[in-house]
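For reference, the structure discussed in these notes is given below.
Counting from 1, the numbers follow the sequence of the chain as shown.
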Amino acid sequence: MSLVKKRMFTPGPTPVLPEAVLSMAAPILNHRKEDFKRLFRECVEMLKTVYKTKTDPIILTASGSGAMEAAVTNLLSSGDKALVVVGGKFGERWEELCRAYGLEVVRIALEWGESVDPKDIGRHLERDAAIKAVFIQATESSTGAANDIAELGRVVSRFPNTVLVVDAITGLGCAPIHTDEWNLDVVVGGSQKAFMLPPGLAFLSVSPKAWERVKVNKQPRFYFDLLKEQKEQQSGQTSFTPAISLVQGLHAALRYISEIGVDGLVANAAFQAQATRAAAQAMGLKLVARRPSNALTAVYNPEGIEGSKIIGEMNRQFGLIMSGGQGKLKGKIFRVAHLGYFDFCDTLSALGCLEIVLHQLGHPLTLGAGTQAAMQAYLAKR
Ligand SMILES: *Cc1c(COP(=O)(O)O)cnc(C)c1O
């Protein structure tokens, strides 16, 4: 044993809120009894504030991809046409999901690290009236790139037969998301990101326009039948046994978010990201994303240093757990998270440790240049 604390800096799972840990350790409730129903309904009400919507979001027992699948199967049927933005690993997931259910996929392929031009989406929809849905990420977590969801909402809402489906699993709680005001038809979230919980719960909002589609959609579905869930969840029930302990944790996490305000949670992630980018620049590092998100910062490894070395040393010496690249960026980048339960002390120490490791691995930098840039960002903010 050595006295090295483990510290989570991965963009999912993220550090779990202590209050949520305690709630999850409490004796389990029975999900068909009054106490649970009340707890569940309170979660739905608080989720509406996070989503900024008047319509009840649906809570599912699944990882985030489960809610993504629910969006696909409830909105579209085999043979329908979908426009999918693919700018990284999670855009690929939308595409794979759509193909698995026999949809016809029109693909907008981006360079990894790029964000979509909303005008491009508009042009596709004008050309092809058969496109029934647009699938996109608020933040493409494999590259750290953010998309302009507000503008996409404006563009897609002009087309009455097309719904906009946003994977906001690393958007909710780290980027501004105004579900109703921005006309976002489906917004998907997951518990292990800015919600500061372990994985196992997924959320999705469904707009009135999208509910109309769900009602007439013919695709068979069973576990993820949103109409059935909607009916049950109105009274604090779920179709199947939910991850009860996680719902207990969710209640605590949402109470915490209500206290600081969802805008406060977003502003916190935005600041950690800003300080990290300032430090990265001062360390002579290059970012992967052209339009970087608040959720995480993805950084190219310096020339000649293999990515797994950086991540390995951060873990070995400092117990600091970061993510590497996925798919075609494997071994080329490392990713530092800001979403959820992170404060400046976390960020500053991670950046300091990163400077040490980069120095040891031979990257030419002035020790302290990165942390100094982060400190200056902090002082400028006060
Ligand atoms: C984490 C993540 C997911 C969800 O993945 P699961 O492992 O199914 O929870 C989906 N999209 C994005 C953008 C993510 O960051």
Worksheet item: Can you check side-chain hydrogen bond (donor to acceptor under 3.5 Å, both in side chains) on Thr53 and Ser205, steps first, answer last?
Response: CA-CA 8 Å; Thr53 181; Ser205 64; 5.9 Å; no
Exercise. Does the salt bridge (charged side-chain N to carboxylate O under 4.0 Å, His left out) test come out yes or no for Glu34 and Arg38, once each step is laid out?
Worked result: CA-CA 6 Å; Glu34 285 312 312; Arg38 196 176 329 110; over 6 Å; no
Point to revise | Residues Lys89, Glu92; criterion salt bridge (charged side-chain N to carboxylate O under 4.0 Å, His left out); working and verdict | key: CA-CA 5 Å; Lys89 170 97 174 132; Glu92 285 178 351; 5.5 Å; no
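Side-chain contact, Ser308 with Glu306: a donor N or O sits under 3.5 Å from an acceptor N or O. Between the side chains of His338 and Thr347, no donor-acceptor pair of N or O atoms lies under 3.5 Å. One side chain, Lys6 or Asn315, offers a donor N or O that lies under 3.5 Å from an acceptor on the other. Between the side chains of Thr276 and Thr297, no donor-acceptor pair of N or O atoms lies under 3.5 Å. The closest side-chain donor-acceptor pair between Gln237 and Ser235, if any, does not fall under 3.5 angstrom. Looking only at atom types and distance, the side chain of Arg290 has no donor-acceptor partner in the side chain of Ser115 under 3.5 Å away.
When the side-chain hydrogen bond (donor to acceptor under 3.5 Å, both in side chains) test is applied to Glu229, the partners found at least two apart in sequence or on another chain are Gln233, Ser239. The ring pair (Phe, Tyr, Trp, His ring centres under 6.0 Å) test applied to Phe271 returns Phe344, not counting sequence neighbours. Applying the side chain to side chain contact (heavy atoms under 4.5 Å, CB included) test to Ala243 and every residue at least two apart in sequence or in another chain returns Thr61, Leu201, Leu246. Residues passing the ring pair (Phe, Tyr, Trp, His ring centres under 6.0 Å) test with Phe36 are Phe40, sequence neighbours excluded. Annotation: ring pair (Phe, Tyr, Trp, His ring centres under 6.0 Å) contacts of Trp211 (sequence neighbours excluded): none. Under the ring pair (Phe, Tyr, Trp, His ring centres under 6.0 Å) criterion, Tyr223 pairs with Phe240, sequence neighbours left out.
No donor-acceptor pair closer than 3.5 Å links the side chain of Ser77 to the backbone N or O of Asn217. Side chain of Thr238 to backbone of Thr241: no donor-acceptor contact under 3.5 angstrom is found. Between the side chain of Ser23 and the backbone N or O of Glu19, at least one donor-acceptor pair lies under 3.5 Å. The backbone N or O of Pro198 sits less than 3.5 Å from a side-chain atom of Ser191, completing a donor-acceptor pair. Listed for the Arg335 side chain is a donor-acceptor partner under 3.5 Å among the backbone atoms of Gly324. In terms of modelled atom types and a separation under 3.5 Å, the side chain of Asn183 and the main chain of Arg154 share no donor-acceptor contact. Side chain of Gln137 to backbone of Phe90: a donor-acceptor contact under 3.5 angstrom is found. Listed for the Gln248 side chain is a donor-acceptor partner under 3.5 Å among the backbone atoms of Leu29. Here the side chain of Asn74 pairs a donor or acceptor atom with the backbone of Leu226 at under 3.5 angstrom.
Residues Ile305 and His363 are in side-chain contact: their nearest non-hydrogen atoms beyond the backbone lie under 4.5 Å apart. Leu329 has its side chain within reach of Trp112: a pair of non-hydrogen atoms, C-beta onward, lies under 4.5 Å apart. Counting heavy atoms from C-beta on, the side chains of Leu152 and Val116 come closer than 4.5 Å.
Atoms NZ and CD, on Lys37 and Gln234 in that order, are 13.5 Å from each other to the nearest 0.5 Å. The distance from atom CG of Asn301 to atom CG of Leu285, rounded to the nearest 0.5 Å, is 9.0 Å. With rounding to the nearest 0.5 Å, the separation of CZ in Arg291 from CG in Asp148 is 4.5 Å. Put simply, CG on Leu320 and CG on Leu354 are 9.0 Å apart, with the number rounded to the nearest 0.5 Å. Considering CD1 of Ile121 and CD of Glu151, their distance stands at 11.0 Å, rounded to 0.5 Å. The OG atom of Ser245 lies 4.0 Å from the CD1 atom of Ile28; values are rounded to the nearest 0.5 Å.
Gly249 and Ala20 get closest at one heavy-atom pair: O-CB, 3.7 Å.
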Which donor-acceptor pairs under 3.5 Å do the side chains of residues 250-259 make with protein atoms, sequence neighbours left out?
{"unit_1": "His251", "atom_1": "NE2", "unit_2": "Glu42", "atom_2": "OE1", "d": "2.7"}
{"unit_1": "Ser258", "atom_1": "OG", "unit_2": "Leu254", "atom_2": "O", "d": "2.7"}

Under 3.5 Å, which donor-acceptor pairs do the side chains of residues 127-135 form with other protein atoms, sequence neighbours left out?
{"unit_1": "Asp128", "atom_1": "OD1", "unit_2": "Ala130", "atom_2": "N", "d": "3.0"}
{"unit_1": "Asp128", "atom_1": "OD2", "unit_2": "Lys81", "atom_2": "NZ", "d": "2.6"}

Side chains of residues 8-15: which donor-acceptor pairs under 3.5 Å do they make with residues two or more places apart or in other chains?
{"unit_1": "Thr10", "atom_1": "OG1", "unit_2": "Pro13", "atom_2": "O", "d": "2.7"}
{"unit_1": "Thr14", "atom_1": "OG1", "unit_2": "Gln192", "atom_2": "O", "d": "3.4"}
{"unit_1": "Thr14", "atom_1": "OG1", "unit_2": "Lys193", "atom_2": "O", "d": "2.8"}

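Residues in residues 50-77 take part in these salt bridge (Lys or Arg N to Asp or Glu O under 4.0 Å) pairs, two or more places apart or across chains: Arg41-Asp56, Lys48-Asp56, Lys52-Asp263. Evaluation of the salt bridge (Lys or Arg N to Asp or Glu O under 4.0 Å) test over residues 343-362, restricted to residues two or more places apart or in two chains, returns none. Pairs passing the salt bridge (Lys or Arg N to Asp or Glu O under 4.0 Å) check and including a residue from residues 213-226, sequence neighbours excluded, read Glu212-Lys215.
Ring centroid separation for the pair Phe334 and Tyr300 does not come in under the 6.0 Å cut-off.
Under a 4.0 Å N-O distance rule, the pair Arg158/Glu126 qualifies as a salt bridge.
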